Amino acid sequence: MFSIFLGKRRKYNLILAGLLLCLWFIRSFSISFPEDVIENDVEVVFWNCARANSFKTAFLENEGIPDIMVLNEAKAISLDRVKKKYPEYYFYKSDFQIDIFSKTPIDIEIEQVSKFNSAVIKFSSAGINFYVVDMTASLDVPKTWEFKFENKIVKNTENTIVLGDFNVPYESRFLNDLKDHYNHFFSKKGNGFRETWPWNMPLLSIDHIWVSKDLKIINSEKINTRNSDHSMIKTVIRK
């Protein structure tokens, strides 16, 4: 768009813009071949639901009830009604706008929040360790501080899934530690653009699911929705 107003250099800037567009497309677009899901596989879903939604909407968006679902910025309502509707399942509501659902018991091990409101919750369920990360979006808070806080808590590198709204894109250097020890759900088994924000436009991939390399990713999906500015993301794991 800037190239239109750059006069004599317009041609060269358009060529450069085209090359950068091709580079972005190659790096962001994934093609993979999902495998058949079997009974013991674990379906994991994460969604930043923008303070306007709860599990009722999330189950509809997912077109079913997964094994594990984590909602960030969930609607501030009591879970009593949904617990009555699904008495055979397990729910947990944190003080940090993070809600957790599981078909198996949830064991909360760590709940910590930084001085600048980045939150990390460690829990176990379905025989897997989980870390939920909600990184602050404040532009005046250095990312170095908050990722240092997160890296001190996220220690497990086996039988572990790290998921959440990291508020940095896949390309960020702050995700290098995760890239060393985990596979990115969409880069490994997704189809299409991995970007999750905003409003179904492929601008930034700030919502992530990272899977330790001893676990197998069977398939992954990004679900576009108008109910939040973030896409819902999900993956199926085989232990």
Side-chain angles (χ1 to χ4, degrees), residues 1-3 14 16-34 43-53 57-58 60-63 66 68-74 97-98 118-119 130-139 141 143 146-147 150 154 161-211 217-237:
M1 292 176 63
F2 283 129
S3 296
L14 287 173
L16 177 60
L19 292 173
L20 291 173
L21 179 63
C22 291
L23 178 63
W24 168 77
F25 183 89
I26 292 170
R27 294 184 64 178
S28 296
F29 196 86
S30 296
I31 298 176
S32 66
F33 300 96
E43 181 181 346
V44 179
V45 177
F46 172 78
W47 189 28
N48 183 323
C49 46
R51 298 185 177 87
N53 301 288
T57 305
L60 291 173
E61 290 286 353
N62 188 55
E63 297 183 348
I68 304 286
M69 176 176 278
V70 177
L71 302 184
N72 185 32
E73 297 188 9
Q97 292 185 317
I98 295 174
S118 293
F130 291 86
Y131 292 93
V132 185
V133 177
D134 179 21
M135 202 64 69
T136 183
S138 298
L139 297 177
V141 177
K143 296 293 184 185
E146 299 309 277
F147 276 90
E150 178 258 341
V154 179
I161 295 175
V162 185
L163 71 168
D165 180 357
F166 289 76
N167 273 305
V168 294
Y170 176 83
E171 297 80 8
S172 171
R173 65 181 178 87
F174 295 113
L175 299 176
N176 286 346
D177 285 346
L178 289 170
K179 291 174 185 176
D180 288 341
H181 298 103
Y182 300 84
N183 289 318
H184 188 264
F185 82 111
F186 202 84
S187 298
K188 193 74 173 177
K189 277 290 185 178
N191 283 287
F193 290 105
R194 68 167 167 252
E195 284 74 18
T196 62
W197 181 87
W199 295 111
N200 304 328
M201 293 185 291
L203 181 60
L204 292 174
S205 52
I206 61 177
D207 305 279
H208 305 278
I209 301 175
W210 299 91
V211 181
I217 302 175
I218 302 303
N219 60 55
S220 298
E221 185 180 353
K222 182 183 72 173
I223 301 173
N224 291 329
T225 172
R226 296 186 181 277
N227 285 311
S228 171
D229 56 331
H230 292 252
S231 297
M232 177 180 284
I233 56 177
K234 74 176 180 177
T235 190
V236 176
I237 304 302

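As the structure is a prediction and not an experimental result, all values here were calculated from the model.
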**Report entry** side chain to side chain contact (heavy atoms under 4.5 Å, CB included), paired with Trp210, selected from Asn183, Val162, Asp177
**Finding:** Val162

**Report entry** Closest contact, heavy atoms only, Ser118 versus Thr136
**Finding:** OG-N, 3.0 Å

Query raised in the report: Do any N or O atoms from the side chain of Asn176 and from the backbone of Arg173 form a donor-acceptor pair under 3.5 angstrom?
Result: yes

Requested in this report: Ignoring hydrogens and angles, tell me if any N or O in the side chain of Asn200 forms a donor-acceptor pair with the backbone of Asn224 under 3.5 Å.
Outcome: no

Query raised in the report: Is the backbone N or O of Gly190 less than 3.5 Å from a side-chain atom of Ser30, with the two atoms forming a donor-acceptor pair by type?
Result: no

Report task. May I ask you to check whether Ser28 and Glu195 show a side-chain donor-acceptor distance below 3.5 Å? Result -> yes

**Report entry** Leu20, CG: over 12 other non-hydrogen atoms inside 6.0 angstrom
**Finding:** yes

Report summary line: Applying salt bridge (charged side-chain N to carboxylate O under 4.0 Å, His left out) to Arg51 and not counting sequence neighbours gives Glu73

Query - Backbone of Val168 reached by a side-chain donor or acceptor of His208 within 3.5 Å - result: yes

Report task. Look at atom NZ of Lys189 and say whether more than 12 heavy atoms of other residues, nucleotides or ligands are closer to it than 6.0 Å. Result -> yes

Report summary line: Note: Glu43 and Asn62 closest approach over all heavy atoms is OE2-ND2, 3.2 Å

Report task. Test side chain to side chain donor-acceptor pair (under 3.5 Å) on Glu61 and Asn53 and set out the steps. Result -> CA-CA 11 Å; Glu61 290 286 353; Asn53 301 288; over 6 Å; no

Report task. Return yes if a side-chain donor-acceptor contact under 3.5 Å exists between Ser220 and Thr235, otherwise no. Result -> yes

Requested in this report: Please check if the distance between the ring centroids of Phe186 and Phe193 is under 6.0 Å.
Outcome: no

Requested in this report: Output the distance between atom CD1 (Ile209) and atom CD1 (Ile68), rounded to the nearest 0.5 Å.
Outcome: 11.5 Å

Report task. Please examine the side chains of Cys49 and Thr225, heavy atoms only from C-beta on, and report whether any two atoms are closer than 4.5 Å. Result -> no

**Report entry** Atom pair OG (Ser138) and NZ (Lys143), whose distance is rounded to the nearest 0.5 Å
**Finding:** 8.0 Å

Report task. Report the distance from atom CE of Met232 to atom CZ of Phe46, rounding to the nearest 0.5 Å. Result -> 10.0 Å

Report summary line: Hits for ring-ring contact (aromatic ring centres under 6.0 Å, His included) against Phe147, two or more places apart or cross-chain, chain-then-number order -> Phe174

Report task. Look only at the side chain of Arg194 and the backbone of Phe185, and say whether a donor-acceptor pair between them is shorter than 3.5 Å. Result -> no

Query - Short side-chain to backbone donor-acceptor contact, Ser205 and Tyr170, under 3.5 Å - result: yes

Query raised in the report: Looking at Ile206, Asp134, Val133, which one forms a side chain to side chain contact (heavy atoms under 4.5 Å, CB included) with Phe166?
Result: Val133

Report task. Show the numbers, then the answer: is there a side chain to side chain contact (heavy atoms under 4.5 Å, CB included) between Val236 and Ile217? Result -> CA-CA 6 Å; Val236 176; Ile217 302 175; over 6 Å; no

Query raised in the report: Going by atom types alone, do Glu146 and Asn167 pair a side-chain donor with an acceptor below 3.5 Å?
Result: no

**Report entry** Under 3.5 Å donor-acceptor, Ser231 side chain and Lys222 backbone
**Finding:** no

Requested in this report: Quick one: pull up CD1 in Ile98 and CG in Asp165 and give me the separation to the nearest 0.5 Å.
Outcome: 9.5 Å

Query raised in the report: Roughly how far, to the nearest 0.5 Å, is CG of Leu175 from NE2 of His184?
Result: 8.0 Å

Query - Asn48 CG to Asp229 CG distance, which is reported to the nearest 0.5 Å - result: 6.5 Å

Requested in this report: Carefully, step by step, assess Thr57 and Trp47 under the rule side chain to side chain contact (heavy atoms under 4.5 Å, CB included).
Outcome: CA-CA 11 Å; Thr57 305; Trp47 189 28; 4.1 Å; yes

